[in-house]
Amino acid sequence: MPSMAESQQPNGNITFKHNRNNNNKPNFFARRQKILEHRKSLPIASVERRLVEVVKENDVLIIVGETGSGKTTQIPQYLFDSGFCHDGKTIGVTQPRRVAAVTVAKRVAEECGVELGQKVGYSIRFEDVTSSSTRIKYMTDGLLLREALLDPYLCRYSVIVVDEAHERTVHTDVLLGLLKRVQNVRSNYIKDQTSVGHKRASNGAILEKENADPCIGVLKQCQGRNLSPLKLIIMSASLDAHVFSKYFGGAKAVRVLGRQFPVGVFYTVNPQTDYLDSAIVTIFQIHSEEAPGDILVFLTGQEEIESVEKQIHENLQRLPEDKRNMKTVTIFSSLPSEQQMRVFAPAPAGFRKVILATNIAETSVTIPGIKYVVDPGVVKARSYDPVKGMESLIIVPTSKAQAIQRSGRAGREGPGKCFRLYPESEFEKLEDSTKPEIKRCNLSNVILQLKALGVDDIFGFDFIEKPSSAAIKKSLEELLLLGALTDEFKLSDPVGRRMARLPLDPVYSKALILASQFKCLDEMLIAVAMLSVESIFYEPREKLDEARTAKKCFASSEGDHLTLINVYRTSIELLEKRKSEIGKDKAEKVMRKWCKENFINSRSLRHARDIHRLDTHMPSNLPTC
Ligand SMILES: Nc1ncnc2c1ncn2[C@@H]1O[C@H](COP(=O)(O)OP(=O)(O)OP(=O)(O)O)[C@@H](O)[C@H]1O
């Protein structure tokens, strides 16, 4: 009998039906095979078994391995395969940046051959792509901190991997302190339970001792979930293992040797006076002299990125037509996420892609096709003046750790080159590590979160590096003024407690609480939602006039806050109307088009809608503060 795919013709020939599904299989299998081979070829693969053993033997492990050696994508999979998720436990992996959490989770889901959000998922503020079956969860470090407010002992996790710890974001530092505490409490609790079990067995009586520790109550609730000690892994390609090891009481540190592909590093012979100009010259030099391959250029912010992009386009016009095969794409945090994802799409055939990025692309992300990195050696960093209580962004030299991360973005798919736009002697003068953000930012939010987590003595909290007393004092004063703390500097109830639960700057949280008394809660919610996200309006340099005209349609003579409320309400009206006409998905599409036409950042607007939904948590009868 002929199969379903064939039938016998009267002339004896057999006609074959094209089975599209089957036809796709070789591609699918080829891709799977390629991924499997790729995984095996990573330097980390050769030490898989040993690494798993070391994790089993040590509660805290510091792993230092070259960029691209496979730490972020492989270690969670190795741990999953060796049983760290039995009993439904999860392996949590934190990243300092959202774009890294999302793209790495996508990659690992693909490597595991599963749908994103099932076994492998990610969770970032306002976007949770996980399910009850998620066992490997990538997330931002800030998100894990918020989770700790609801699950203070992180009972659902068997392992937490703090990735890119060298970045020392304020969230990473607070998280490390918290994890150290959680780990101790969990271990002590388990020891306690074991000894109670022993005593029970030996004298037949229940000898559970009275324990005054309030943690025990919470942990008892977790017990149903079979509490295990928390394993903690701290990773980076460029961290100072001694600092972390010392902090964790002499924790074991291992180095994973080897990198997948070499990256040649080049320095300028002379110091450069204008790094933007040098970046442009270098891009064109690579374009004319080097083999095909995309270029990643690190700049400090949107303004620089747009000015360099404009200059590149002007320069291209001066080249003969056959040399104009260069395409620019940009990535910075306030860019709508759909546009951010454009950097991952390949350039048109025969074109060289030039990605102009902030340090958003510095760690963890793999952008396919990158062969060259241009690094001017500067970055925009937060700075805080505790006397004035003012925070600002300033351009500063990168650390050596950041320079290493940047060069690591080349050489992920083949050998690469990194052009540092400063002499080698300057590299030697750079700080080894980035100055911890906790030492250069306003601490109000951090303190509020710590208080909500039950840490009352902020000065005594075991930070990996203590922020200055002046900065702590200033933030405590601010929180006191906002009514978040009592005169004894305890978290006030309900005001402080509610403020801590809102994922917002404390000033905004307080504004919301007051607004409910002045009966303008909805307007305040909209204003706060719009102010809490990356900028709502975006003004591409080449369409500045159009963008400003579009903005005028929403402008209110009463000020920017009212303008933002106008944008929000106009967009919601449109969205709701279209939803009832054409359904949710199509309405969202219309919304994105509307945003584009009005130069509004659709991702920010979506986030603002998410924040606005917080009104369900808002107190209706808060006492006067
Ligand atoms: N999204 C992706 N698309 C294609 N290849 C990827 C992707 N993510 C990772 N890879 C491949 O896997 C390799 C290992 O990546 P991984 O992020 O695990 O390394 P790493 O050691 O954590 O590096 P880093 O310290 O730079 O984060 C990369 O060099 C790249 O070849």
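Just so you know, these numbers use all the heavy atoms, side chains as well, and skip hydrogens, waters and symmetry mates. Counting convention: from 1, in listed order, for ligands and their atoms alike.
- Residue contact check for ligand 1: Met235 places no non-hydrogen atom closer than 4.0 Å to it.
- Polar contact with ligand 1: present for Lys71 (N/O pair, distance under 3.5 Å).
- In this structure, CG in Asp173 is found 7.0 Å from CD in Glu465, a value given to the nearest 0.5 Å.
- Ranking the protein heavy atoms by distance from atom 4 (C) of ligand 1 puts Arg107 NH1, 3.4 Å first.
- Screening Thr358, Leu356, Val378 for a side-chain contact (heavy atoms from CB on, under 4.5 Å) involving Leu299 leaves a single residue, Leu356.
- Considering both main-chain and side-chain atoms, Gly70 comes within under 3.5 Å of ligand 1 through a nitrogen or oxygen pair.
- Between Tyr422 and Leu430, some side-chain heavy-atom pair lies under the 4.5 Å cut-off.
- The shortest N/O to N/O separation between Asp163 and ligand 1 does not fall below 3.5 Å.
- At least one side-chain heavy atom of Arg156 sits under 4.5 Å from a side-chain heavy atom of Glu147.
- Within a 6.0 Å sphere centred on NZ of Lys252, other residues, nucleotides and ligands contribute 12 heavy atoms or fewer.
- The side chain to side chain donor-acceptor pair (under 3.5 Å) test with Glu111 is passed by exactly one of His38, Gln74, Arg32: Gln74.
- Only the side chain of Leu42 comes within 4.0 Å of ligand 1, counting heavy atoms alone; its backbone N, CA, C and O stay farther away.
- Of the polar atoms of Glu164, at least one N or O is found under 3.5 Å from an N or O of ligand 1, judged by distance alone.
- Considering backbone and side-chain N/O of Thr67, none are found under 3.5 Å from N/O of ligand 1.
- Side chains of Arg97 and Glu167 form a contact here, defined as non-hydrogen atoms less than 4.5 Å apart.
- Using a cut-off of 4.0 Å between Lys/Arg side-chain N and Asp/Glu carboxylate O, Glu127 and Arg98 are scored as not salt-bridged.
- Between Gly65 and ligand 1, not a single N/O pair is under 3.5 Å apart.
- Residue Glu66 approaches ligand 1 through these ligand atoms, each under 4.0 Å from one of its heavy atoms: 21 (O).
- Considering both main-chain and side-chain atoms, Gln74 never comes within under 3.5 Å of ligand 1 through any nitrogen or oxygen pair.
- Of the protein's non-hydrogen atoms, the one nearest atom 18 (O) of ligand 1 is Thr73 OG1, 2.5 Å.
- From the protein, the heavy atom lying nearest to atom 10 (N) of ligand 1 is Thr366 OG1, 3.6 Å.
- Close N/O approach between Gln405 and ligand 1 is not found [any backbone or side-chain N/O within under 3.5 Å].
- A salt bridge between Lys40 and Glu37 is absent, with no side-chain N of the basic residue lying under 4.0 Å from a carboxylate O of the acidic one.
- Residue contacts with ligand 1 leave out Gly408, since none of its heavy atoms falls under 4.0 Å from the ligand.
- Atom 15 (O) of ligand 1 has Arg412 NH2, 3.5 Å as its closest protein atom, hydrogens excluded (heavy atom only).
- Counting only heavy atoms of the protein, atom 23 (O) of ligand 1 lies nearest to Gly68 N, 2.8 Å.
- In this structure, Lys119 satisfies the cation-pi test against Phe80, with its NZ or CZ atom closer than 6.0 Å to the six-membered ring centre and inside 45 degrees of the ring normal.
- Close N/O approach between His38 and ligand 1 is found [any backbone or side-chain N/O within under 3.5 Å].
- Residue Ser69 places at least one N or O, backbone or side chain, under 3.5 Å from an N or O of ligand 1.
- Only side-chain heavy atoms of Arg409 come within less than 4.0 Å of ligand 1; its backbone N, CA, C and O stay farther off.
- The existence of a salt bridge linking Arg609 and Glu588 is confirmed by a sub-4.0 Å separation between a basic side-chain nitrogen and an acidic carboxylate oxygen.
- Glu309 and Thr328 share a donor-acceptor pair across their side chains, judged by distance under 3.5 Å alone.
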